[in-house]
Visitor: 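I am attaching a structure below and will ask some questions about it afterwards.
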Amino acid sequence: MPIGSEAGAGLAPDPVPEYAAWRKGVAGVLAKARRVDIAELPTEPEHLLDETTYDGLTIAPLYTRRDELPEQPLPGTFPFVRGGDATRDPQRGWFVGAFAGSADAASTNRAILTGLENGVSAVSLGVGDHGVPVTQIATALSGVLFELAPLSLVAGAEVSAAAEQVFEVLDGYQLEDRTQIRVGLGAAPLTDAFTGHADLDVEQAVALARRAIARPEAVRAITVDGTAFHNAGAADAQELGASIAAGLAYLRALTGAGVDIADAFGQLEFRYAATDDQFATIVKFRAARRLWARVAQVCGAPAFGAAPQHAVTSSAMMTQRDPWVNLLRTTLAAFGAGVGGADSVTVQPFDSALPAGELGVSQSFSERMARNIQLLLLEESHLGHVQDPGAGSWYVESLTDELAAKAWEFMQEIEAAGGYPAALDTGLIAARVAETAAARAADIAHRKTAVTGVNEFPNLAEAPLSEQAREQASLVRYGAAFEALRNRSDAYLAVNGERPKALIVALGPVAEHNARTIFTANVLASGGIESVNPGPLAVEGIAAAAAGSGARIAVLCGADKRYGEEAGAAAEALRGAGIETVLLAGPEKAVEHYSGTQRPDGFLSLRIDAVAVLSQLLEKVGA
């Protein structure tokens with residue numbers, strides 16, 4: 001990250017004269033926290049606070065005028081970083097999207113109209129395997145005012161037949177200015193090839209695009225679905241880079257079939273995932289527009305580089321456990337996407353990772369909550385009244401610049417491998433995404449990355465999931481590994497009438513053991529293991545507590561000094577009372593002088609692989 005040089009002889013005055021004082025303050029805090037002398041810290045100690053993203057980008061702890069970049073052109077102007085539409089209605093902001101699609105076309109129609117009457121302004125219709133039968137599309141769309149609510153289809157391999165039905169509906173729709181009607185047909189053969197979902201082939205998609213070009217309405221046939229990469233574990237630059245590479249492949253197919261370059265650009269739209277990392281999401285949508293604008297510029301059509309962006313809240317971030325937290329996740333995601341300039345935003349219901357009705361709430365309630373998240377942001381917080389409010393932020397502008405550069409590098413790697421289809425066939429894209437997914441999974445397993453309600457602050461008191469929900473668990477979601485442990489605990493509960501238990505043995509006064517007691521209970525609960533805490537115990541009272549706990553696992557919690565004095569005797573007392581596994585909350589070095597039955601069997605510390613440790617504990621008790 002550009003920090004700049006200190007002012008000195010022959011150098012220009014420091015644009016941030018207060019920076020040196022801030023750096024000195026940072027050094028003092030870090031030295032105290034690390035219990036070292038300030039002289040032992042690096043000359044630029046603030047870099048100890050840097051964070052690195054999964055794309056390898058560095059996020060600094062402070063951004064100043066040293067990081068200032070030239071101001072980007074206004075919205076609607078190349079390179080469209082600040083937005084693709086210069087005249088977006090500030091009273092509307094972005095389009096509030098919602099998905100509707102069930103096998104019953106009449107009920108789907110009711111859902112669509114109810115949504116439109118209550119704040120939805122863009123309709124996503126599921127067709128075929130995704131919703132209504134193709135032949136009943138007209139029924140599902142009855143009463144929709146197409147000039148007010150853009151329509152997009154989710155139809156998979158049936159998109160051509162679905163498009164035919166939509167065109168018939170539009171042919172009977174009376175409107176003088178047909179360009180006000182915006183339709184996305186949603187053909188996505190290249191990104192669906194990555195996920196393995198059924199779709200048209202590229203040649204069929206090109207044929208569909210030709211039909212769309214001939215329509216008087218604003219119809220885009222092809223969707224570049226970046227969520228396919230995101231939900232497989234991709235980092236932001238990978239999602240953007242792979243999407244741009246797929247977009248390039250579509251352009252080549254279209255122009256190779258004789259489609260004019262301007263018309264080819266007019267047939268593409270993009271879908272990206274929005275996450276609860278609000279600044280990363282803001283930056284993603286800004287960088288995505290810059291990337292596609294650069295492609296248009298290289299193709300000699302810079303004026304056509306502002307493709308529509310549809311944001312969908314991340315499926316990967318959603319949890320089955322404590323799913324109410326998903327309301328907060330999707331709020332942050334919608335905020336980031338809206339502020340980042342997405343043209344439309346779809347918020348997934350908070351219980352979307354669970355079977356319908358699992359929580360005892362109606363589908364209409366879940367959909368209303370998802371809809372109202374956006375309405376609160378738009379109509380009460382007025383976020384749509386300002387285009388690109390992140391503009392000028394040293395942090396946002398710097399990260400936008402760096403993310404765009406990193407995504408371009410990934411796109412170039414794909415191009416060097418022969419382009420998107422070749423990179424897909426050789427497994428290049430899947431391999432890069434899998435590397436990121438593995439790194440993120442390791443961070444979550446080691447609790448370096450928190451998933452609230454899952455590996456942090458879990459709630460063991462919530463009702464067990466149904467068997468159907470446990471079977472539906474997906475390893476794609478970030479919290480899935482911990483939730484699989486909770487599933488094992490639920491199954492154990494169903495058979496035994498109680499959850500697996502662990503006795504917490506608190507040594508010494510509360511001031512000594514409290515932090516580790518809380519930490520231990522939290523870690524154990526994230527794996528579905530219930531803590532039994534009888535309070536502070538003297539060594540002579542441990543055996544009785546163990547016998548009455550019904551636990552086969554125990555964890556010693558206390559201060560390192562007390563471990564050196566009492567942990568050995570405590571471990572022996574626990575084993576004598578029938579405890580099979582004795583763990584210690586803290587570092588191994590605190591009890592390195594113990595051996596045999598006095599030595600703990602394992603250690604719970606801040607950066608253990610909690611998934612592996614908890615899985616082993618569950619195995620020990622038969623869960």
Visitor: Kindly give the heavy-atom pair with the smallest separation between Gly93 and Leu378, and that separation in Å.
Guide: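 Scanning both residues completely, I find the closest heavy atoms to be CA-CD2, 4.1 Å.
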Visitor: With heavy-atom distances below 4.5 Å as the criterion, would you say the side chains of Tyr54 and Asp443 are in contact?
Guide: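 Yes. Closest side-chain heavy atoms under 4.5 Å.
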Visitor: If you look at every heavy atom in Leu48 and Pro42, which pair is closest and at what distance?
Guide: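 Between these two residues, the closest heavy atoms are CD1-CD, 4.0 Å.
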Visitor: Between Leu332 and Asp276, what is the shortest heavy-atom contact and its length?
Guide: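 Reported closest heavy-atom pair: CD1-O, 3.5 Å.
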Visitor: Using the rule given for salt bridge (Lys or Arg N to Asp or Glu O under 4.0 Å), can you reason through Glu413 versus Arg432, listing the C-alpha separation, both sets of side-chain angles and the distance that settles it, and then say yes or no?
Guide: CA-CA 11 Å; Glu413 181 182 1; Arg432 296 291 182 271; 2.6 Å; yes
Visitor: What's the shortest heavy-atom distance between Glu462 and Arg499, and which atoms?
Guide: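 Shortest heavy-atom contact: O-NH2, 4.2 Å.
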Visitor: May I ask you to decide if Val591's main-chain N or O and Arg599's side chain share a donor-acceptor pair within less than 3.5 Å?
Guide: yes
Visitor: Check the angle between the aromatic planes of Phe78 and Phe80 and answer parallel, tilted or perpendicular using the 30° and 60° thresholds.
Guide: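 Aromatic pair Phe78/Phe80 classed perpendicular.
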Visitor: Phe482 ring centre to Arg321 NZ or CZ under 6.0 Å, with the angle to the axis within 45°?
Guide: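 Relative to the ring axis of Phe482, which defines the angle, Arg321 lies outside at least one limit.
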Visitor: Is there a donor-acceptor pair closer than 3.5 Å between any side-chain N or O of Gln309 and the backbone N or O of Asp343?
Guide: no
Visitor: Would you indicate whether Glu51, at its atom CD, is surrounded by more than 12 heavy atoms from other residues, nucleotides or ligands within a distance under 6.0 Å?
Guide: no
Visitor: Give me each pair satisfying ring pair (Phe, Tyr, Trp, His ring centres under 6.0 Å) with a member in residues 227-246, each pair once, sequence neighbours excluded.
Guide: Phe194-Phe229
Visitor: According to ring pair (Phe, Tyr, Trp, His ring centres under 6.0 Å), who are the partners of Tyr563, at least two apart in sequence or on a separate chain?
Guide: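 So Tyr563 forms no ring pair (Phe, Tyr, Trp, His ring centres under 6.0 Å) with any residue.
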Visitor: Please check if the side chain of Thr227 supplies one atom and the backbone of Ala273 the other of a donor-acceptor pair under 3.5 Å.
Guide: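 No; zero donor-acceptor contacts below 3.5 Å.
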Visitor: Tell me, do Leu403 and Thr53 make a side-chain contact under 4.5 Å, heavy atoms counted?
Guide: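 Leu403 does not reach Thr53 side chain to side chain.
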Visitor: Can you tell whether the side chains of Glu592 and Lys589 come within less than 4.0 Å, N to carboxylate O?
Guide: no
Visitor: Indicate whether any N or O donor in one side chain lies under 3.5 Å from an N or O acceptor in the other, for Arg488 and Ser615.
Guide: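 A pair is found: one side chain offers a donor N or O, the other an acceptor, under 3.5 Å apart.
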